[in-house]
Amino acid sequence: MAQPYPVHVIEARWRDRWERSGLNRIDLDTVDSDRVFYNLVEFPYPSAEGLHVGHVFRYVGVDAFGRYQRMCGRAVFQPIGFDSFGIHAENYALNVGEHPRRLTEQTTARYREQLSSIGAAWDWSRAIDTSKPEYYRWTQWTLVQLFKAGLMYQAEAPVIWCPSCLTVLAREQTDRDGTVCERCGSPVTERVMKQWFLRTTHYADRLLSGLDDLEWPDRSKRLQRQWIGRSEGRDIDFGDLTVFTTRPDTLPAVTFIAVPAGHPAAGSTRRHPTSGAPIPVVVTDYVVESYGTGAVMGVPAHDDRDARFAAEHGLPVSDAPLLDPVDAAAVGRPSVRYRMHDWLISRQRYWGPPIPIIHCESCGAVPVPEEDLPVVLPDLDDIRPTGDSPLAECTDWVQTTCPSCGGPASRDSDVSDTFVDSAWYFLRYPSTEFDDVPWDNVRTDKVLPVDFYAGGSEHVQRHHLYARFMTMALQDLGLVSMAEPLPRIALGGMIILAGAKMSKSRGNVVSPDGYVAEHGIDVLRCSLLFSAPWGRGGEFSDRSIAGIERFFARCWRAVAESDGPESAVAQWDHTISAVTRAVERMSFNVALARLMEFVDHVRSAEDKSVLVRLLAPLAPHLAEELWHQLGQPFSVHDQPWPEASSDGAAEVQDLAVQVDGRLRGRISLPRTATGEDAAALARSNIAAVPAKDAVKRVVYVPGRVINFVSR
RNA sequence: GCCCGGAUGGCGAAACUGGUAGACGCGGCGGACUUAAAAUCCGCUGUCCUUUCUAGGGCGUGCAGGUUCGAGUCCUGCUCCGGGCACCA
């Protein structure tokens with residue numbers, strides 16, 4: 001469908017002008033802290049398939065929101081970057097036989113181009129890339145700080161191992177409930193290795209209580225609470241064997257103690273702490289070694305699982321009376337357990353920041369001195385897995401001297417989890433030009449916390465939690481002043497195709513490129529935003545494109561043409577407040593609907609700039625062009641957001657007339673009319689309204705309904 | 001198993017805090033303009049019944065109840081779809 005204007009010429013022209021004029025950048029040195037609006041969206045992992053329309057949907061919603069904030073007078077800081085380290089890139093590189101660095105350069109370049117083409121007001125001058133030494137230097141620095149503070153430690157832990165691929169797998173790289181390797185289908189095994197952990201459990205209570213004050217979706221808070229999984233109970237000693245229970249009142253009815261296979265006490269007995277009776281310690285398949293004390297009281301009379309197990313194995317059931325609350329509260333010792341574990345950050349992989357630790361026979365684990373950072377990831381030719389970390393093969397790199405004693409030592413050959421990269425990246429954006437500190441405290445205090453963080457629900461348990469943990473830890477170390485970096489989060493909906501999330505492996509990725517080439521980015525932006533509320537998402541469809549193109553053409557003509565006498569338009573107020581409300585709650589579909597209703601009135605309007613300004617966050621290029629056509633100075637995006645001049649109460653509106661709650665007609669009168677006026681008007685216009693003495697009650701809701709109740 | 005979200009025309013959806021269900025758009029049908037087409041514009045478009053052709057009425061937001069003058073919205077019990085956690089003591 002042809003537009004009445006040259007779409008691509010206009011879009012290219014204005015995007016170029018915005019970039020040259022620095023429209024999307026703010027001066028962080030001179031800006032007033034109160035005006036800063038840090039509008040952040042989770043930075044993408046640059047995958048090989050390129051940006052798809054689901055990304056575009058998420059990003060343009062965030063962009064529209066940021067542009068709106070800017071017109072409301074905020075100094076919007078809207079950076080973007082690339083989360084380019086990680087297993088996904090590494091695996092893809094292995095599959096196609098390329099080096100991850102080269103592949104990442106390609107995919108990042110393509111992402112940069114696509115992200116630029118969507119017309120979002122990114123501040124590209126502050127872009128970050130987690131796989132670049134100038135970034136991961138500070139990721140490593142952060143780990144060194146945590147290590148020095150005792151928040152990073154090494155311990156033996158099981159990892160998932162694929163005996164066929166000779167590699168450690170992440171849980172996400174397994175199929176069928178973590179039992180087989182997703183790449184080769186072989187059954188996976190467990191292997192115990194020494195690994196690095198961050199002490200997230202130390203912050204469990206603060207991570208939990210901090211949630212109360214956050215402006216997050218209830219869903220997010222619930223998921224994080226569930227993930228942290230705080231559970232209060234008692235530790236009870238059965239001799240040398242301690243159990244954890246949340247039901248100390250059932251202690252008298254204990255008939256066995258359940259432990260997992262391999263437990264040293266399996267097969268023995270312990271004395272019951274109160275009755276002294278011998279209690280067998282039995283192996284069950286339902287006790288988790290790593291939770292609680294790894295041993296559980298078996299109470300068949302009060303627990304279904306214990307009852308089933310007792311029945312199957314001929315164990316006795318006790319009907320001893322339960323303890324009353326006072327006695328129960330005196331049993332054992334109070335104990336709090338968490339489902340959340342410390343964060344295992346070691347990855348026996350290649351494509352990540354080397355863990356900045358040197359192992360020395362005499363000094364133990366020594367952090368790399370800050371002046372020696374970054375520990376640069378060596379450029380290995382062959383990163384195919386051999387059964388050990390790829391970096392361990394690189395002996396020139398591994399062999400080093402101990403920073404503490406100067407003796408021979410070796411570098412840790414693991415890399416850190418990608419989630420470490422993204423746990424602090426929001427601190428880096430405002431300080432990208434500093435190469436002597438990870439972030440400048442004046443900058444950080446001015447710009448953070450993030451005013452609006454737009455993410456996906458897939459990141460609630462991990463990324464959002466790790467970001468909070470990291471910030472709390474850094475606060476305790478005196479390195480940042482805030483505890484909560486992301487006080488306001490909104491979760492964007494996902495765009496799916498044929499019922500599934502878009503991904504290359506499913507072969508259902510829809511690229512924005514074709515649509516942009518054919519219709520321009522503003523049309524794609526608005527048709528995506530029009531098809532569903534931003535927070536919901538849904539099945540991808542290009543059906544709304546035709547409607548958006550017609551709407552744009554009507555906007556163009558409404559501005560370019562005039563008919564009849566020009567007059568002030570009373571309906572502006574209604575439209576302005578409706579669009580404002582819709583944008584505030586990210587319902588851009590409704591904002592567009594209200595503008596569509598209104599556009600034809602603009603032809604005879606005195607002040608057409610209102611339409612153009614309301615359109616600016618949604619269709620930034622078209623609005624800029626229309627603004628220019630109106631003879632207004634560059635840029636529409638610097639203009640104030642229109643304000644409604646009245647609440648519209650005096651306007652004549654329709655009022656529903658009901659009898660006993662059933663609709664019987666409609667009358668028109670201002671919302672300011674009294675109940676008497678409304679009742680009289682209804683009675684004279686609508687035959688179904690009963691006589692006065694037959695009415696027991698009249699319910700009048702101004703502007704909505706008048707209901708005559710006869711029963 | 002536990003927790004959560006969702007279900008509204010042919011389709012995407014709207015409905016502020018319990019107050020006119022289906023805004024807006026797509027698609028469809030009919031019409032105007034045109035030699036014709038495209039584009040554009042106008043009208044109709046949940047469903048059933050009655051009709052003096054102008055309307056009037058019944059039903060209708062997954063199902064069954066309830067509260068209320070009034071329920072898509074609140075409550076109870078279900079069905080289906082999506083998501084999270086999962087032998088977590």
Taking any heavy-atom pair under 4.0 Å as a contact, classify A:R536: base, sugar-phosphate, or nothing.
sugar-phosphate
Spacing of the P atoms in B:G70 and B:A21 (rounded, Å): 14 Å
* Describe the nucleic acid contact of A:S541 in one word from base, sugar-phosphate, nothing, applying a heavy-atom distance below 4.0 Å. => nothing
Quiz item: Counting any heavy atom closer than 4.0 Å, what does A:V590 reach on the DNA or RNA strands: base, sugar-phosphate only, or nothing?
Solution: sugar-phosphate
Using atom P in both nucleotides, what's the gap between B:A36 and B:U45 to the nearest angstrom? 29 Å
Rounded to whole Å, CZ of A:R305 lies from C1' of B:A86 at a distance of 11 Å
Open item on the list: Please classify the nucleic acid contact of A:E539 as base, sugar-phosphate, or nothing, using heavy-atom distances under 4.0 Å.
Closed with: nothing
Is the closest side-chain donor-acceptor distance between A:Q224 and A:H464 under 3.5 Å?
no
Base, sugar-phosphate, or nothing for A:D660, non-hydrogen atoms under 4.0 angstrom? sugar-phosphate
Where RNA chain B forms runs of at least three Watson-Crick or G-U pairs (i with j, i+1 with j-1, under 3.5 Å), the stems are B:1-7 with B:79-85, B:10-12 with B:24-26, B:27-32 with B:40-45, B:46-50 with B:55-59, B:62-66 with B:74-78
Ion pair A:R337/A:D235, N-O distance below 4.0 Å:
yes
Give one of base, sugar-phosphate or nothing for A:R337, where a contact means two heavy atoms less than 4.0 Å apart. nothing
Practice prompt. Tell me what A:D654 touches on the nucleic acid: a base, only sugar-phosphate, or nothing, going by heavy atoms under 4.0 Å.
Written response: base
Here the distance between atom C1' of B:G12 and atom CG of A:L592, to the nearest Å, is 13 Å
Checklist entry - Which part of the nucleic acid, if any, lies within reach of A:V299 when heavy atoms closer than 4.0 Å are counted: base, sugar-phosphate only, or nothing? => result nothing
Numerically ordered, the residues 228-235 of chain A set in heavy-atom contact under 4.0 Å with RNA chain B is A:S231
Exercise. Taking the same atom, P, in B:C49 and in B:C33, what whole-Å distance lies between them?
Worked result: 36 Å
Salt bridge or not between A:E597 and A:R594? Use side-chain N to carboxylate O under 4.0 Å.
yes
* Below 4.0 angstrom, N of the basic side chain to O of the carboxylate: do A:R225 and A:D218 qualify? -> no
C1'-based separation of B:G18 from B:G72 [nearest Å]:
11 Å
Using the rule given for side chain to side chain donor-acceptor pair (under 3.5 Å), can you reason through A:H459 versus A:E42, listing the C-alpha separation, both sets of side-chain angles and the distance that settles it, and then say yes or no?
CA-CA 9 Å; A:H459 286 134; A:E42 287 167 356; 2.8 Å; yes
Compute the centroid of each ring, for A:F551 and then for A:F530, and state whether the two points are separated by less than 6.0 Å.
no
query: Across the strands shown, which category fits A:R664 at heavy-atom distances under 4.0 angstrom: base, sugar-phosphate, nothing?
result: sugar-phosphate
Side chains of residues 489-499 of chain A: which donor-acceptor pairs under 3.5 Å do they make with residues two or more places apart or in other chains?
none

Report task. Under 4.0 Å between any heavy atoms, over every strand shown, what does A:D306 touch: base, sugar-phosphate, or nothing? Just pick one. Result -> nothing
Does A:D237 come within less than 4.0 Å of A:R270, counting only side-chain N to carboxylate O?
no
Which part of the nucleic acid, if any, lies within reach of A:R543 when heavy atoms closer than 4.0 Å are counted: base, sugar-phosphate only, or nothing? base
Does a side-chain N-to-carboxylate-O contact under 4.0 Å join A:R247 and A:D249? yes
